[in-house]
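Note that the coordinates shown come from a computational prediction; the quantities given were computed from them, not determined experimentally.
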Amino acid sequence: QVPLAESGGGLVQAGGSLRLSCVTSPRTFTNMALAWFRQAPGKEREFVAVIRWSGGTTIYKDSVKGRFTIARDNAKNTVSLQMNSLKPEDTTVYYCAAGRVLATTPRQFDYWGQGTQVTVST
């Protein structure tokens, strides 16, 4: 089991910011795309953002474009998600994932973290 460990979730007011981080092992990190997904209770896991190993290509869910930024630090084996202008509808559990291809569907990712809760209050 390859570990992915998320951190940075919490409670914030609408309009505020949070930064999520995910630490991976070097074996996971090398040549893999890293992504963030989120899942509310009773709903399917949905794509948020993904970044290629080289960092040169990113894809975002339409509703987070311009508000969220995904970035990776290959030297530190981490991927982050900077979330600005947060809305109550962003409230849910966020998951870090690693996969062999740049993709936006959960089944294309091989490794998952345990998730971190983000709560945006009105």
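The side-chain heavy atoms of Y95 and P106, taken from C-beta on, include no pair separated by under 4.5 Å. Looking at heavy atoms from C-beta onward, Y94 lies out of side-chain contact with Q39 at the 4.5 angstrom threshold. Residues E46 and K61 meet the side-chain proximity criterion, which asks for heavy atoms closer than 4.5 Å. Taking the side chain as every heavy atom from C-beta outward, Y60 and V50 never approach each other to under 4.5 Å.
Placement of V23 and V93 in two distinct hydrophobic clusters is found when ILVMFWY residues are connected by side-chain heavy-atom separations under 4.5 Å, directly or transitively. Both L102 and F47 are members of a single hydrophobic cluster when ILVMFWY side chains are connected at heavy-atom separations under 4.5 Å.
Side-chain atoms of N77 and T24 include no donor-acceptor pair closer than 3.5 Å.
Contact between S85 and S17 at its shortest, heavy atoms only, is N-OG, 4.4 Å. The minimum heavy-atom distance linking A71 with I51 is given by the pair CA-CD1, 3.9 Å. For M32 against A98, the heavy-atom pair with the smallest separation is SD-CB, 3.8 Å.
Contact check on D90 versus K87 returns no salt bridge, with no Lys/Arg side-chain nitrogen under 4.0 Å from an Asp/Glu carboxylate oxygen.
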**OP:** Let me see the working for S121 and L11 under side chain to side chain contact (heavy atoms under 4.5 Å, CB included), right down to the final yes or no.
**Re:** CA-CA 7 Å; S121 64; L11 173 64; 4.3 Å; yes

Original post:
Does the side chain to side chain contact (heavy atoms under 4.5 Å, CB included) test come out yes or no for Q13 and V120, once each step is laid out?
Top reply: CA-CA 5 Å; Q13 288 188 330; V120 184; over 6 Å; no

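A donor-acceptor distance shorter than 3.5 angstrom exists from the side chain of E6 to the backbone of Q114, with no hydrogens or angles considered. A donor-acceptor distance shorter than 3.5 angstrom exists from the side chain of R72 to the backbone of R52, with no hydrogens or angles considered. Between the side chain of Q82 and the backbone N or O of T69 there is no donor-acceptor pair closer than 3.5 Å.
Aromatic ring centroids of F109 and F37 lie under 6.0 Å apart.
Among T92, T91, L81, the single residue meeting the side chain to side chain contact (heavy atoms under 4.5 Å, CB included) criterion with R38 is T92.
Expressed to the nearest 0.5 Å, how far CG of L4 lies from OH of Y111 amounts to 9.5 Å. For the atom pair OG of S80 and CH2 of W36, the computed distance is 8.0 Å after rounding to the nearest 0.5 Å. Rounding to the nearest 0.5 angstrom, the gap separating the SG atom in C96 from the CD1 atom in I70 is 8.0 Å. Here L34 contributes atom CG and W53 contributes atom CH2; the two are 9.0 Å apart, rounded to the nearest 0.5 Å.
Enclosure of atom CD in E44 is not indicated, since only 12 or fewer non-hydrogen atoms of other residues, nucleotides or ligands lie within 6.0 angstrom. Within 6.0 Å of the CD atom in Q117, the count of heavy atoms belonging to other residues, nucleotides or ligands exceeds 12.
The side-chain hydrogen bond (donor to acceptor under 3.5 Å, both in side chains) check on S21 picks up nothing, with sequence neighbours excluded.
Sorted by first and then second residue, the salt bridge (Lys or Arg N to Asp or Glu O under 4.0 Å) pairs involving residues 94-106 (not counting sequence neighbours) are R100-D110.
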